[in-house]
Amino acid sequence: MMITKNNLDEIIFENHDARLLIEYIVSHTQATLYYYREVELTVENALKMYNLAIRTEDESSDRMPYINRYNKNTKDLLYL
């Protein structure tokens with residue numbers, strides 16, 4: 001499922017800080033995030049995605065590149 005600011009209530013977050021980071025990414029960057037399964041998004045993962053989105057946004061003014069990350073701990077794909 002693609003994460004948007006309209007469907008954040010369907011995502012399981014570790015706490016409110018994780019939610020705020022993801023909300024900022026989908027609202028203020030060109031990043032597209034996908035959420036698979038019912039896995040809790042932790043602050044650590046949200047912070048990594050936030051830093052990557054901001055860094056990539058700064059480096060590229062044209063288009064956000066498609067980055068595929070495999071989370072070894074949960075065996076889920078995180079797309080950014």
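Because only heavy atoms are used, hydrogens play no part in the values below, and waters and symmetry mates are left out as well, while side chains stay in. Numbering of residues begins at 1 and proceeds along the displayed sequence. Bear in mind that the values here come from a model prediction, so they are computed numbers and not experimental data.
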Test of understanding: clusters of I, L, V, M, F, W, Y form through side-chain heavy atoms closer than 4.5 Å, transitively. Do Val43 and Ile54 belong to the same one?
no
For the backbone of Lys48 and the side chain of Asn45, can you confirm whether one donor and one acceptor N or O come within less than 3.5 Å of each other?
no
Set out, in order, the CA-CA distance, both residues' side-chain angles and the distance that settles side chain to side chain contact (heavy atoms under 4.5 Å, CB included) for Tyr50 and Leu20, then state yes or no.
CA-CA 10 Å; Tyr50 171 84; Leu20 289 174; over 6 Å; no
Quick one: CG on Leu21 to CE on Met49, what's the gap to the nearest 0.5 Å?
9.0 Å
Under 3.5 Å, sequence neighbours excluded: what are the donor-acceptor pairs made by side chains of residues 6-13?
| residue | atom | partner | partner atom | Å |
| --- | --- | --- | --- | --- |
| Asn7 | OD1 | Thr4 | N | 2.8 |
| Asn7 | OD1 | Thr4 | OG1 | 3.3 |
| Asn7 | ND2 | Met2 | O | 2.9 |
| Asp9 | OD1 | Arg19 | NH1 | 3.2 |
| Asp9 | OD1 | Arg19 | NH2 | 3.2 |

With a 3.5 Å distance limit and no angle check, can you tell me whether Glu14 reaches the backbone of Glu40 through a side-chain donor-acceptor pair?
no
Across all chains, not counting sequence neighbours, the side chain to side chain contact (heavy atoms under 4.5 Å, CB included) partners of Val26 are Ile3, Lys5, Leu33
Working to the nearest 0.5 angstrom, can you tell me the gap between Leu47 CG and Thr42 OG1?
9.5 Å
Distance-minimising heavy-atom pair for Ala31 and Ala53
CB-CB, 4.2 Å
